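Everything on this sheet refers to the single structure shown next.
Nothing here was measured: the structure is a model prediction, and the numbers come from that model.
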Amino acid sequence: MDEEWLSKDELAAWVRLAAVLEMLPGVLDAQLRRDAELTHFEYYVLAMLSEAPSRTLRMTALARETNATLPRLSHVVRRLEDRGLVERFPSPEDARATNARLTAAGWRKVRATAPGHVANVRKHVIDALTPEQVAQLGAITDAILQRVDPEGSMKATYERHDADPQGR
């Protein structure tokens, strides 16, 4: 074998990252299911629509922003439609394409759910770190994203939060 094994320190860091990747989705999902009857992915879809112009995105763009396959996204959007949170309609620019739009009820759901979700993220991630570590986490995740997303397919999703219009 020509591959190089991980050093003791590398393995320790990797195993901890893998544990976070396994445990954090459950922590986020549990709070959202309990408080909003949403999965984390459903909330993410609603949040991406809430940030879009006119709270509307073409399904292919929404799939790109959420890193979902179109079949998975279609299934989730159908569930959200059944609850009156999202509506789909033919794109006025291209009748072959479908748009998804957050409904008024969906917007209310996002606004009601966001504070609890932010508190959960703060409790389990942000407040566990010093301000310096938060900056390091940003740099670390940027470095990893350059490797796992070399084409930058989700770059617009995460970089739009770099520029804060409120100057914070």
Side-chain angles (χ1 to χ4, degrees), residues 17-18 20-122 124-126 137-168:
L17 177 58
V20 168
L21 294 173
E22 290 300 321
M23 297 190 77
L24 188 57
V27 168
L28 298 174
D29 230 30
Q31 178 270 322
L32 286 166
R33 284 181 186 273
R34 182 187 65 241
D35 296 348
E37 298 178 339
L38 292 169
T39 66
H40 182 257
F41 186 71
E42 289 168 339
Y43 176 73
Y44 191 41
V45 168
L46 295 176
M48 291 301 100
L49 288 171
S50 77
E51 295 176 1
S54 302
R55 298 187 184 118
T56 303
L57 284 171
R58 195 173 278 197
M59 287 289 287
T60 52
L62 185 55
R64 191 172 43 256
E65 292 215 9
T66 59
N67 195 38
T69 63
L70 278 172
R72 177 186 186 207
L73 180 64
S74 183
H75 178 72
V76 168
V77 168
R78 181 174 316 276
R79 286 196 319 255
L80 295 170
E81 276 183 304
D82 291 346
R83 295 176 62 188
L85 303 175
V86 173
E87 59 188 359
R88 283 189 276 195
F89 58 95
S91 169
E93 295 86 31
D94 180 355
R96 297 170 298 168
T98 301
N99 287 351
R101 177 173 40 226
L102 194 64
T103 64
W107 175 235
R108 286 191 301 274
K109 182 65 130 176
V110 169
R111 289 179 52 220
T113 303
H117 177 63
V118 170
N120 197 35
V121 168
R122 180 168 294 289
H124 290 97
V125 179
I126 302 303
L137 180 60
I140 290 165
T141 53
D142 276 344
I144 294 170
L145 283 165
Q146 287 176 6
R147 297 291 179 100
V148 299
D149 185 18
E151 292 83 30
S153 61
M154 288 193 71
K155 201 171 197 172
T157 302
Y158 52 82
E159 283 192 344
R160 75 167 151 247
H161 299 285
D162 292 348
D164 186 349
Q166 297 172 347
R168 288 183 278 162

Run through Arg58, Lys155, Arg160 and flag the one making a salt bridge (charged side-chain N to carboxylate O under 4.0 Å, His left out) with Glu65.
Arg160
Is a side-chain donor or acceptor of [X] paired with a backbone partner of [Y] at a separation under 3.5 angstrom?
{"X": "Thr103", "Y": "Gly84", "answer": "yes"}
{"X": "Asn120", "Y": "Val27", "answer": "yes"}
{"X": "Ser50", "Y": "Ala47", "answer": "yes"}

Could you tell me which residues satisfy side-chain hydrogen bond (donor to acceptor under 3.5 Å, both in side chains) with [X], sequence neighbours excluded, listed by chain and number?
{"X": "Gln146", "answer": "none"}
{"X": "Asp142", "answer": "none"}
{"X": "Asp94", "answer": "Arg96"}

Give a yes or no on whether Arg111 atom CZ has more than 12 heavy-atom contacts from other residues, nucleotides or ligands under 6.0 Å away.
no
In Å, rounded to the nearest 0.5 Å, how long is the span from CD1 of Ile144 to CG of Leu17?
5.5 Å
Can you measure from CD1 (Ile140) to CG (Leu145) and round to the nearest 0.5 angstrom?
12.0 Å
Any ring pair (Phe, Tyr, Trp, His ring centres under 6.0 Å) pairs touching residues 39-74, not counting sequence neighbours?
His40-His117, Tyr43-His117
If we ignore angles and hydrogens, is there a donor and acceptor under 3.5 Å between the side chains of Ser91 and Glu93?
yes
Contacts satisfying salt bridge (Lys or Arg N to Asp or Glu O under 4.0 Å) that involve residues 36-46 (not counting sequence neighbours) are Glu42-Arg79
Mind checking what makes salt bridge (charged side-chain N to carboxylate O under 4.0 Å, His left out) contact with Arg88, not counting sequence neighbours?
Glu81
I need the minimum non-hydrogen distance between [X] and [Y], along with the two atoms involved.
{"X": "Met59", "Y": "Leu70", "result": "O-CD2, 3.8 Å"}
{"X": "Ala100", "Y": "Val86", "result": "CB-CG1, 4.1 Å"}
{"X": "Asp149", "Y": "Met154", "result": "OD2-N, 2.9 Å"}
{"X": "Ala63", "Y": "Leu73", "result": "N-CD2, 3.4 Å"}
{"X": "Pro25", "Y": "Leu21", "result": "CD-O, 3.1 Å"}

Side chain to side chain contact (heavy atoms under 4.5 Å, CB included) partner of Leu49, the single match among Val110, Leu57, Leu80, Thr66:
Leu57
Set out, in order, the CA-CA distance, both residues' side-chain angles and the distance that settles side-chain contact (heavy atoms from CB on, under 4.5 Å) for Asp35 and Thr113, then state yes or no.
CA-CA 7 Å; Asp35 296 348; Thr113 303; over 6 Å; no
